[in-house]
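Below is one structure, written out as structure tokens; comments come after it.
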Amino acid sequence: MWLLPLLAIGLAVAFAGNRGRACARGAPPGPLHVLNECLRTGREPPPQVILCAIAEAEQLGRPDVAYGIVRTFIEPV
């Protein structure tokens with residue numbers, strides 16, 4: 001179970017390094033937006049989108065959103 005927090009931290013660090021350049025060139029929507037679209041359309045989000053959305057929420061300083069994603073998608077599994 002210790003692997004998930006390490007993976008989330010690694011994704012957050014990797015995502016933070018590319019975020020500034022990606023926003024400057026008009027990058028596609030972030031993982032939180034993709035997760036929202038999956039939920040809105042009734043599709044199951046891929047595991048990578050879920051993990052990246054958790055990392056993005058933590059990076060944005062929204063631990064409540066990150067916890068909500070974990071509680072909805074990770075804990076039931």
Side-chain angles (χ1 to χ4, degrees):
M1 194 64 189
W2 55 270
L3 182 62
L4 184 61
L6 290 177
L7 180 61
I9 291 169
L11 289 172
V13 169
F15 192 85
N18 294 327
R19 188 165 176 83
R21 290 183 299 245
C23 290
R25 64 176 183 254
L32 284 174
H33 180 77
V34 174
L35 180 64
N36 186 44
E37 286 299 309
C38 287
L39 295 174
R40 190 178 63 77
T41 58
R43 293 180 296 167
E44 183 71 26
Q48 185 177 6
V49 170
I50 295 168
L51 293 175
C52 289
I54 293 168
E56 183 180 8
E58 290 176 346
Q59 178 186 8
L60 294 172
R62 295 295 311 266
D64 56 327
V65 174
Y67 178 68
I69 296 170
V70 169
R71 192 177 60 225
T72 303
F73 294 102
I74 305 295
E75 286 180 359
V77 176

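Values in this document were obtained by computation on a predicted structure and should not be read as measured data.
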Side-chain donor/acceptor pairs under 3.5 Å, residues 60-69, sequence neighbours excluded:
{"from": "Arg62", "atom 1": "NE", "to": "Asp64", "atom 2": "OD1", "distance (Å)": "3.1"}
{"from": "Arg62", "atom 1": "NH2", "to": "Asp64", "atom 2": "OD2", "distance (Å)": "2.8"}

Atom pairs and distances, donor-acceptor, side-chain atoms in residues 33-41, under 3.5 Å, two or more places apart:
{"from": "Glu37", "atom 1": "OE1", "to": "Arg40", "atom 2": "NE", "distance (Å)": "3.3"}
{"from": "Glu37", "atom 1": "OE1", "to": "Arg40", "atom 2": "NH2", "distance (Å)": "2.6"}
{"from": "Glu37", "atom 1": "OE2", "to": "Arg40", "atom 2": "NE", "distance (Å)": "3.4"}
{"from": "Thr41", "atom 1": "OG1", "to": "Glu37", "atom 2": "O", "distance (Å)": "2.9"}
{"from": "Thr41", "atom 1": "OG1", "to": "Cys38", "atom 2": "O", "distance (Å)": "3.3"}
{"from": "Thr41", "atom 1": "OG1", "to": "Arg43", "atom 2": "NE", "distance (Å)": "3.1"}

- Least distance between heavy atoms, Arg71 atom then Pro76 atom: O-CD, 3.4 Å

